[in-house]
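Scroll down for the structure; my scribbles are underneath it.
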There are 2 protein chains.
Amino acid sequence: MSTVNSLTAEDLGSAAQRERRKRILDATISLATQGGFDAVQMRAVAEQADVALGTLYRYFPSKIHLLVSALGREFERVEAALRDKPLPGDDPADRVIYVLKKTTRGMQGDPHLTEALTRAFMFADASVQNEIHTVGMLLTSMLTRAMHPGRTDLTSDDVAIARVLGDVWLSALVGWVTGRSSAEEVSEQIEVAVRLLLR
Amino acid sequence: MSTVNSLTAEDLGSAAQRERRKRILDATISLATQGGFDAVQMRAVAEQADVALGTLYRYFPSKIHLLVSALGREFERVEAALRDKPLPGDDPADRVIYVLKKTTRGMQGDPHLTEALTRAFMFADASVQNEIHTVGMLLTSMLTRAMHPGRTDLTSDDVAIARVLGDVWLSALVGWVTGRSSAEEVSEQIEVAVRLLLR
DNA sequence: CGACGAAGTGAAACGTGTTCCTATTATGTC
DNA sequence: GACATAATAGGAACACGTTTCACTTCGTCG
């Protein structure tokens, strides 16, 4: 494999290494929360994580890898939190709207963090494929579960709809992050897309 | 107005200035075509456009402004080319697919250029609002025209659908640019979205 | 024509992502 | 415990976007 990858938690043998990785991601989230994309400076991350710059680059080969990995970890938390409880809402549309809006509200509560993670996600190129794929799968599976809780045999249309909804949600988020649309507009865009797609 | 803006063609009084602006955008497109986002280096653009670096920054306050402005100019060309001829296809779905696929094919013929412009569009923040807005309007109007040629009274659903389609198209393009999906997958994503939305 | 302000030039300098190199420290093996 | 290997620290150096500044050129007005 010639792709440059971030070291995942499983790759790391020793507890000290997992601990280092965690400190790095914590520092990333902390800096991103305070000042957004620009505040996540590699030297600052290294210092706050108490790690040398070279070590940081050994764990994450670029700032983008670092931020997308952090996004992945956050998304896993969200997905895990949603996985267990049953979702409110009587039909797929209601449940999907619930999930997307709840997630959106969560992100809007942390504008800087959201800005940093979204920008990174959008700027990522092919070398970040793995990390991106992780996030994409989590998003799709959150949406399909909301559409059909507990169902394992999804039609290709189900998956296609989930994908389109994911696209719309991401675009809306980018619009919000970049100051082009308000929180209400994001909400509305999601509702409209859901209404158009889930009947 | 406190926003930092690119100088638009209309702002520029003298012919020499319009000429400079054109040279800058030409150089941008040329470099982007050869080597993509990374190859569009501000010093290189300035040199190729035969303009001082400071002047380049006076015309376009950042690399992102520069690239999004270039995207706007390219989009205007495409939109103008489509505006006049009648579109093939008997129903809205066929015509929308025609427009999106034709545009997509055009962009895929110039992978580096597409990569550069798409990355810039996705990375743009609030300070690029105006330039982004131009592009967004062109895209929406291309799509609504494809849906209902010649119609002026569009329903809010028409606009909403066009917007969702635009989102899907952009996401698909980002996926392609970043090596996550193939040209066929982009095609397919578009068709699926159109099929789901236009009935 | 001459003066004055705006626009353009050229080059230096700064900030931050990234790379590289050497010395030091952990880690695992016999 | 001694050694080989890998991982980390520490820091210099490089690349490119961006800023700054002193100077020159251009266009316009009196």
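Chain A is the first sequence line, chain B the second, and so forth, proteins listed ahead of strands; every chain is numbered from 1. Note that the structure is a prediction, hence the values are computed from the model and not measured.
A single hydrophobic cluster is seen to contain both B:Leu138 and B:Leu71, as judged by linkage of ILVMFWY side chains at heavy-atom distances under 4.5 Å, directly or through other members.
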**Report entry** Nucleotide-resolved protein contact map, nucleotides 21-30 of chain D, B/S/- at heavy-atom distance under 4.0 Å
**Finding:** ----------

Query raised in the report: Stepwise, does the side-chain hydrogen bond (donor to acceptor under 3.5 Å, both in side chains) test hold for A:Trp169 with A:Thr104?
Result: CA-CA 9 Å; A:Trp169 182 66; A:Thr104 305; 2.8 Å; yes

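With sequence neighbours left out, the ring pair (Phe, Tyr, Trp, His ring centres under 6.0 Å) criterion links A:Phe75 to no other residue. For A:Asp125, the side-chain hydrogen bond (donor to acceptor under 3.5 Å, both in side chains) test picks out A:Ser127, with sequence neighbours left out.
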What protein N or O atoms touch nucleotides 16-18 of chain C N or O atoms at under 3.5 angstrom, if any, and at what distances?
from   : atom 1 : to      : atom 2 : distance (Å)
C:dT16 : OP1    : A:Gln41 : NE2    : 2.9
C:dG17 : OP1    : A:Val40 : O      : 3.4
C:dG17 : OP1    : A:Lys63 : NZ     : 3.0
C:dG17 : OP2    : A:Met42 : N      : 3.0
C:dG17 : N7     : A:Arg43 : NH1    : 2.8
C:dG17 : O6     : A:Arg43 : NH2    : 2.8
C:dT18 : OP2    : A:Tyr57 : OH     : 3.1
C:dT18 : OP2    : A:Lys63 : N      : 2.8
C:dT18 : O5'    : A:Tyr57 : OH     : 3.4
C:dT18 : O4     : A:Arg43 : NH2    : 3.0

Would you mind writing out the side-chain donor-acceptor pairs for residues 83-94 of chain B within the sub-3.5 Å range, not counting sequence neighbours?
from    : atom 1 : to      : atom 2 : distance (Å)
B:Arg83 : NH1    : B:Glu79 : OE1    : 3.2
B:Arg83 : NH2    : B:Glu79 : OE1    : 3.3
B:Asp91 : OD1    : B:Asp94 : N      : 3.0

Identify every side-chain donor-acceptor pair in residues 183-194 of chain B under 3.5 Å, counting partners at least two apart or on other chains, and give the distances.
from     : atom 1 : to       : atom 2 : distance (Å)
B:Glu184 : OE1    : B:Ser182 : OG     : 3.3
B:Glu185 : OE1    : B:Ser182 : N      : 2.7
B:Glu185 : OE1    : B:Ser182 : OG     : 3.3
B:Ser187 : OG     : B:Lys101 : NZ     : 3.4
B:Gln189 : OE1    : A:Arg163 : NH2    : 3.4
B:Glu191 : OE2    : B:Lys101 : NZ     : 2.2

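The distance from atom CG of A:Leu56 to atom P of D:dA9 is 10 Å, rounded to the nearest whole Å. Rounded to whole angstrom, the span from the OH atom of B:Tyr59 across to the C1' atom of C:dA6 amounts to 11 Å. C:dG8 atom C1' lies 18 Å from atom CZ of B:Arg18, rounded to whole Å. One atom, CZ of B:Arg58, and another, C1' of C:dA6, lie 7 Å apart when rounded to the nearest Å.
Taking the six-membered ring for Trp, B:Phe123 and B:Phe37 have ring centres at least 6.0 Å apart.
In this structure, B:Arg180 forms a cation-pi arrangement with A:Phe121, its terminal cationic atom sitting closer than 6.0 Å to the ring centre and no more than 45° off the ring axis.
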